[in-house]
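The structure under discussion appears below in the form of structure tokens.
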Protein chains: 2
Amino acid sequence: MDSCQTCVIRNRAICSELEFSELEVLNAIGHRRQLVAGEQLIWEGEDAVLVANVIEGVLKLSNSMEDGREQIVGLVYPTDFIGRPFGATTPYGVEALTDARVCVFARRDFDSFARQHPRLEHKLLERTLAELDRTRAWMLLLGRKSAEERLATFLLEVSQRLEPETCSAPDNARQAAFELPFSRQQVGDVLGLTIETVSRQFTKLKRDGVIDLPSRRSVEIVDRRELEARAG
Amino acid sequence: MDSCQTCVIRNRAICSELEFSELEVLNAIGHRRQLVAGEQLIWEGEDAVLVANVIEGVLKLSNSMEDGREQIVGLVYPTDFIGRPFGATTPYGVEALTDARVCVFARRDFDSFARQHPRLEHKLLERTLAELDRTRAWMLLLGRKSAEERLATFLLEVSQRLEPETCSAPDNARQAAFELPFSRQQVGDVLGLTIETVSRQFTKLKRDGVIDLPSRRSVEIVDRRELEARAG
DNA sequence: CGTTTTGTTGACTCCTATCAATAAAGGTGG
DNA sequence: CCACCTTTATTGATAGGAGTCAACAAAACG
């Protein structure tokens, strides 16, 4: 049952477009792994021994400094690819933010499989290019936006990437209400802010009637237009 | 004479590893273009009509906001690839910071050539992955580093990527003295700082004997160890 | 329930942005 | 080659936004 054939992300991850016979090979070199929230999959700077696909859950990629300062440099959602193929080391740590299921491969196995399957490499290239675009857009936020603009931008992005449990909604659906898979500290680590500043900005957006916060981790976008205006 | 055969970056760009016959095809669909400092090659958000390879010079990739705030999201040097293959739009502007020579391709021509040449796509994938790593490292700088740490980190990186005119030095040579291809404003746009803050940090590093500034655009690293310490 | 973790709020500080005035380079044309 | 003008960089004074430190509140957890 844990095979590519029954995989829920089968048609949306980089393994889509592979033929039946190819999938069997891929299935043989990879295996499923269940992660609990907070579990580390890859340590920053370690030899790049594995790569993976996210099946379910949200994970963070992060860089940190010796003195403890940390910056989340990427968030990965279902269908996203994790790890550093064709490289000696994975320059960022990977940790599950929610319970998660991933499909992991030994990097060397994956590398050689990929090199023999141009369609897979092409998919990976398209994904990597898209991720680079997203990352660069985030640089504008980190370099030039105010705390309020950062949080507003973040909430809008999360509402797009967090799809509803039910698959009935259209592909580009934006959720008005959702559960944040992040603590305040993690939101700070994504936005380059302290936890206190994040908290104050949440409070401000709520006080101004732009969002509602039914509970610690849940957010409801009350006035999307206004939130977009505040995103800069 | 303007052919791939005589190209100075022939063996270091994504076109390396292509065979003679393939190079001829590539040569036919691309052409050289000379840019003067300040010339815009691609506008932010425009249809992705062209991609290019940098032969000589330095160019910036930047994102900006309606109110004029700008963030440089990437710097490209000789052998680097420019543009957004397989995508509808190029989400950042590309402008030459120095006089530059590039080898440009219509994106559609390049896309179809690439899809037929897995070795080229593989090279492009490796480069894109490396660029993504560099970009993510930059996020730590933008999100968490102080002005002094940012400038120190920047000077160290530039000294690595700016190779000497003479090709005699080893591949990973780090220049102690070099000409910055950037104005103070551009340094600010890379680091997410204002021009005044950049200027003050330059002055401070000079006053402390870590660097010397023989002229506006030239920098000499006097105490690399100390500069590294200040880079965080 | 008590304990621990996480989040909020307040007071205050500090770093960087902003505003403003010079100073130094760089170009241009006589 | 030099005066003139423009652009770029430096420096100072001040303000403001986010960080820091600290107390408290509210969930979460056992």
Side-chain angles (χ1 to χ4, degrees), chain A residues 36-38 60 65 67-71 97-99 140-155 179-208 211-219 230 232, chain B residues 36-38 60 65 67-71 97-99 140-155 179-208 211-219 230 232:
Chain A
V36 298
K60 71 170 189 184
M65 295 170 67
D67 63 9
R69 279 176 283 177
E70 177 177 337
Q71 177 65 45
L97 296 179
T98 63
D99 291 347
L140 177 61
L141 175 147
L142 291 175
R144 297 301 190 189
K145 290 191 178 181
S146 69
E148 182 178 50
E149 289 170 330
R150 293 184 199 202
L151 183 59
T153 306
F154 178 71
L155 292 177
E179 291 290 301
L180 279 181
F182 319 105
S183 68
R184 292 290 187 266
Q185 179 62 59
Q186 287 160 350
V187 175
D189 290 341
V190 172
L191 302 180
L193 299 171
T194 60
I195 182 174
E196 295 95 329
T197 298
V198 170
S199 182
R200 279 186 247 272
Q201 296 303 328
F202 263 111
T203 304
K204 183 159 168 243
L205 287 176
K206 179 180 179 178
R207 197 176 52 227
D208 295 356
I211 62 172
D212 192 27
L213 302 168
S215 77
R216 279 185 157 183
R217 292 273 186 131
S218 53
V219 177
R230 296 192 186 206
Chain B
V36 298
K60 71 170 189 183
M65 295 170 67
D67 63 8
R69 281 177 281 178
E70 177 176 337
Q71 178 66 44
L97 296 179
T98 64
D99 289 349
L140 176 61
L141 175 146
L142 291 175
R144 296 302 189 188
K145 290 191 177 181
S146 69
E148 183 179 50
E149 290 170 330
R150 292 183 200 202
L151 183 58
T153 305
F154 178 70
L155 292 176
E179 293 289 302
L180 279 181
F182 319 105
S183 69
R184 292 290 187 266
Q185 180 61 59
Q186 287 160 351
V187 174
D189 290 340
V190 172
L191 301 180
L193 298 171
T194 59
I195 182 175
E196 295 95 329
T197 299
V198 170
S199 182
R200 280 186 245 271
Q201 296 303 327
F202 263 112
T203 304
K204 184 159 168 243
L205 287 176
K206 179 180 180 177
R207 197 177 53 227
D208 295 355
I211 62 172
D212 192 26
L213 301 168
S215 76
R216 281 184 157 184
R217 291 274 187 130
S218 52
V219 176
R230 294 190 188 209

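Just so it is clear, the model here is predicted, and its values are computed rather than measured. Numbers restart at 1 for each chain; the letters A, B, ... are given by sequence-line order, proteins then strands.
Mapping A:G143 and A:I195 onto DNA chain C via the closest heavy atom, the residue that lands nearer the 5' end is A:I195. Taking for each of B:R217 and A:R144 the nucleotide of DNA chain C with the nearest heavy atom, the 5'-most of the two is the partner of A:R144.
Side-chain contact between B:K145 and A:M65 is present, with heavy atoms from C-beta onward closer than 4.5 Å. Side-chain contact check for B:R230 versus B:L151: every heavy-atom pair is 4.5 Å or farther apart.
Among the candidates B:T194, B:L193, B:I195, the single residue satisfying the side-chain contact (heavy atoms from CB on, under 4.5 Å) test with B:R184 is B:I195.
Closest of all the heavy-atom pairs between B:Q71 and B:V190 is NE2-O, 3.0 Å. Taking all atoms of both residues into account, the shortest heavy-atom contact from B:A147 to B:T197 is CB-CG2, 3.7 Å.
Atom P of nucleotide C:dA17 and atom CG of B:D189 are separated by 12 Å, given to the nearest angstrom. Going from atom CG of B:D67 over to atom P of C:dT18 covers 10 Å, rounded to whole Å. Here the P atom of nucleotide C:dC15 and the CG atom of B:L142 are 19 Å apart, to the nearest Å. Following rounding to the nearest Å, A:L151 (CG) and C:dT8 (P) show an atom-to-atom distance of 11 Å. Atom pair B:R184:CZ and C:dA23:P shows a separation of 19 Å (rounding to whole Å applied).
Residue A:G192 is in sugar-phosphate contact alone, with no base atom involved, counting any heavy-atom pair closer than 4.0 Å across all strands shown. Residue contacts for A:S146: at a heavy-atom cut-off of 4.0 Å it reaches the sugar-phosphate backbone alone, with no base atom in range. Across all strands shown, A:S183 has heavy atoms under 4.0 Å from sugar-phosphate atoms exclusively, and none from any base. Residue-level contact check: B:R216 touches the bases, meaning some heavy atom is under 4.0 Å from a base atom.
Taking a heavy-atom distance under 4.0 Å as the criterion, the stretch of DNA chain D touched by chain B extends 5' to 3' from D:dT8 to D:dA13.
Contacts between residues 196-208 of chain A and DNA chain D, defined by a heavy-atom separation below 4.0 Å, involve A:E196, A:T197, A:R200, listed by number.
Judged by distance alone, with hydrogens and angles left aside, the side-chain atoms of A:R150 form a donor-acceptor pair with the main-chain N or O of A:L191 at under 3.5 Å. Side-chain atoms of B:D99 come within 3.5 Å of backbone atoms of B:A37 as a donor-acceptor pair (strictly under, hydrogens ignored).
Rounded to the nearest 0.5 Å, atoms CG (B:D189) and CD (B:E70) are 4.5 Å apart.
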Donor-acceptor list for residues 199-206 of chain A side chains, cut-off 3.5 Å, not counting sequence neighbours:
from   : atom 1 : to     : atom 2 : distance (Å)
A:T203 : OG1    : A:S199 : O      : 2.9
A:K204 : NZ     : A:E148 : OE2    : 3.2

